[in-house]
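Have a look at the structure below before the remarks.
Lettering follows sequence order; numbering is per chain, from 1. Computed from a prediction, not measured in an experiment: that's the story for all the values here.
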Protein chains: 2
Amino acid sequence: MDELLAGKEPRPRERADAARNRAKVLDAAAGLFASRDPRAVTMDDIAKAAGVGRGTLYRRYPDTTSIALALLDEHERGLQEKLLRGEPPLGPGAPPGERLAAFYEAMVDLLDAHIDLVLGAEAGGERLTTGAYGFWRAHVRALLAEANVPEPDVMADVLLAPLASEVYAHQRERGQTSQRIKAALRRLALAATGEGR
Amino acid sequence: MDELLAGKEPRPRERADAARNRAKVLDAAAGLFASRDPRAVTMDDIAKAAGVGRGTLYRRYPDTTSIALALLDEHERGLQEKLLRGEPPLGPGAPPGERLAAFYEAMVDLLDAHIDLVLGAEAGGERLTTGAYGFWRAHVRALLAEANVPEPDVMADVLLAPLASEVYAHQRERGQTSQRIKAALRRLALAATGEGR
DNA sequence: GGCACAAGCGGACGCGTTGTCCATTTATTC
DNA sequence: GAATAAATGGACAACGCGTCCGCTTGTGCC
């Protein structure tokens with residue numbers, strides 16, 4: 001209980017060489033994820049590319065998924081910020097269906113920009129237990145509740161499912177454009193919230 | 001071109017011991033998938049449990065996914081038959097929204113009954129390239145087209161996404177009942193086809 | 001019934017990935 | 001610059017994969 005009040009430096013600050021290596025690792029990993037099938041990147045690959053030993057890598061990250069997640073994190077934070085405090089329709093102020101549609105559109109843009117990282121991050125199929133996923137679910141759930149949709153808890157997971165990276169990647173591979181996907185998701189958002197008409 | 005007309009026995013019929021082993025393998029695999037995390041079952045496990053060698057296993061199945069798929073196949077065939085030629089609302093005759101809702105309900109029942117197999121079958125995240133998935137997509141696409149939904153190709157994948165085994169398993173783990181999930185999906189089906197009202 | 005031959009079998013092998021462990025090196029503090 | 005703690009990196013054991021090939025067993029024919 002005391003620790004909470006104690007101070008601002010619970011951990012004694014990162015050592016200079018450690019910080020340098022963290023940067024090297026993230027840098028090398030970003031390159032690897034972008035340059036080949038992100039699901040095939042191994043811990044050894046990253047260690048070699050970063051010029052550090054396996055042990056050093058495992059000290060910080062338990063697996064490749066968590067590295068992709070770390071890289072993804074900053075991009076997701078930007079969107080999360082906009083959802084909480086940005087301008088409508090992404091931020092508060094617009095009707096829930098419109099906000100949901102805007103969220104879909106932003107997520108598709110995010111998938112497009114970082115599909116390699118998202119694929120790498122979901123390699124284990126553990127997306128649903130991620131902190132980020134929890135955020136998205138809470139957001140969608142709140143919008144659904146605001147629109148008086150029944151079973152918002154179930155519906156939130158349902159409406160997030162199409163954003164799974166495999167689904168999106170598969171659609172793109174089959175020739176769909178992000179435009180068409182966005183259009184379909186917008187219609188879904190409006191229909192699900194009863195704003196269809 | 002001739003082979004098509006040639007005869008009924010392109011392959012010389014399966015040997016007795018081979019058939020016996022196939023049965024042993026499928027039997028043992030079903031037990032394993034049911035009794036532990038299906039994603040953690042290995043080819044070695046199945047070989048040991050079935051009392052056959054690794055080579056024997058690989059002769060027929062390239063990986064655990066295909067074994068789970070083989071087990072799942074007969075269950076899926078039943079539903080596919082009903083969709084094509086069964087009574088409404090599952091079969092032809094009912095309005096598309098109702099048929100989609102009925103399809104959702106049947107799929108949830110199928111997930112409930114064989115969640116272990118479905119999890120085992122999707123272990124690689126290759127669900128979307130499966131023959132079965134192609135069938136579901138074609139079915140949903142046809143219903144959407146019938147309801148004059150725009151972008152039926154995109155929408156079909158979108159509306160199938162919530163049926164991913166991980167999503168369903170995750171919802172059940174979070175305390176949702178199949179009842180509530182069915183109810184939410186029914187509403188989604190009606191909303192997406194414009195039969196909401 | 002016995003024989004020849006193809007089909008089927010199974011375990012050993014080589015490979016690549018994982019995660020851990022610890023002797024050594026390096027940064028920080030006084 | 002000495003003392004201490006943190007960080008490093010590569011060796012190691014365990015594991016799963018997929019293949020290969022000498023041996024066994026079923027099947028069709030005489």
Check the phosphate of D/dG9 against A/Thr56, side-chain N and O only, distance under 4.0 Å to OP1 or OP2. Yes or no? yes
According to ring-ring contact (aromatic ring centres under 6.0 Å, His included), does anything in residues 50-86 of chain B pair up with another residue at least two apart or in another chain? List the pairs. B/His75-B/His114
Any ring-ring contact (aromatic ring centres under 6.0 Å, His included) pairs touching residues 86-105 of chain B, not counting sequence neighbours? B/Phe103-B/Trp136, B/Phe103-B/His139
Filter on salt bridge (Lys or Arg N to Asp or Glu O under 4.0 Å), then keep only pairs touching residues 85-96 of chain B, sequence neighbours left out; what's left? B/Glu81-B/Arg85
Per the salt bridge (Lys or Arg N to Asp or Glu O under 4.0 Å) rule, what does the pair list look like for residues 18-27 of chain A, sequence neighbours excluded? A/Glu14-A/Arg22
Can you tell me the distance, in whole Å, between the [atom1] atom of [X] and the [atom2] atom of [N]?
X       : N      : atom1 : atom2 : answer
A/Arg13 : D/dA5  : CZ    : C1'   : 14 Å
A/Glu14 : C/dT26 : CD    : P     : 18 Å
B/Arg59 : C/dG11 : CZ    : P     : 15 Å

5' precedence on DNA chain D between A/Gly53 and B/Tyr58 (nearest-nucleotide basis): A/Gly53
Below 3.5 Å is the cut-off: list the nitrogen or oxygen pairs between protein and nucleotides 11-16 of chain D, distance only.
none

Determine all donor-acceptor pairs shorter than 3.5 Å in which one atom belongs to a side chain in residues 67-74 of chain A; sequence neighbours excluded.
{"residue": "A/Asp73", "atom": "OD2", "partner": "A/Arg77", "partner atom": "NE", "Å": "3.2"}
{"residue": "A/Asp73", "atom": "OD2", "partner": "A/Arg77", "partner atom": "NH2", "Å": "2.9"}

With sequence neighbours excluded, tell me which residues meet side chain to side chain donor-acceptor pair (under 3.5 Å) with B/Arg174. none
Side chain to side chain donor-acceptor pair (under 3.5 Å): pairs with one or both residues in residues 143-153 of chain B, sequence neighbours excluded: B/Arg141-B/Asp153
Side-chain polar contacts of residues 32-52 of chain A - donor-acceptor pairs under 3.5 angstrom, sequence neighbours left out - could you list them?
{"residue": "A/Ser35", "atom": "OG", "partner": "A/Gly31", "partner atom": "O", "Å": "3.2"}
{"residue": "A/Ser35", "atom": "OG", "partner": "A/Leu32", "partner atom": "O", "Å": "3.3"}
{"residue": "A/Arg36", "atom": "NH1", "partner": "A/Asp45", "partner atom": "OD2", "Å": "3.1"}
{"residue": "A/Asp37", "atom": "OD1", "partner": "A/Arg39", "partner atom": "N", "Å": "2.9"}
{"residue": "A/Asp37", "atom": "OD1", "partner": "A/Arg39", "partner atom": "NE", "Å": "3.4"}
{"residue": "A/Thr42", "atom": "OG1", "partner": "A/Asp44", "partner atom": "N", "Å": "3.2"}
{"residue": "A/Thr42", "atom": "OG1", "partner": "A/Asp45", "partner atom": "N", "Å": "3.0"}
{"residue": "A/Thr42", "atom": "OG1", "partner": "A/Asp45", "partner atom": "OD2", "Å": "3.3"}
{"residue": "A/Asp44", "atom": "OD1", "partner": "A/Arg54", "partner atom": "NH1", "Å": "2.4"}
{"residue": "A/Asp44", "atom": "OD2", "partner": "A/Lys48", "partner atom": "NZ", "Å": "2.8"}
{"residue": "A/Asp45", "atom": "OD2", "partner": "A/Thr42", "partner atom": "N", "Å": "3.1"}

Is there a side-chain contact between B/Thr56 and B/Val25, using heavy atoms and a 4.5 Å cut-off? no
Which atom pairs, donor and acceptor, lie under 3.5 Å between side-chain atoms of residues 118-127 of chain B and protein residues at least two apart or in another chain?
{"residue": "B/Glu122", "atom": "OE1", "partner": "B/Ser165", "partner atom": "N", "Å": "3.4"}
{"residue": "B/Glu122", "atom": "OE1", "partner": "B/Ser165", "partner atom": "OG", "Å": "2.9"}

Can you pull out the residues from residues 60-73 of chain A that lie within a 4.0 Å heavy-atom distance of DNA chain C? A/Pro62
Interface residues of residues 17-33 of chain B with DNA chain C (non-hydrogen, below 4.0 angstrom): B/Asp17, B/Ala18, B/Asn21
A/Leu185 CG to A/Leu163 CG distance, which is reported to the nearest 0.5 Å: 6.5 Å
Donor-acceptor pair under 3.5 Å: do we get one between A/Arg15's side chain and the base of C/dT26? yes
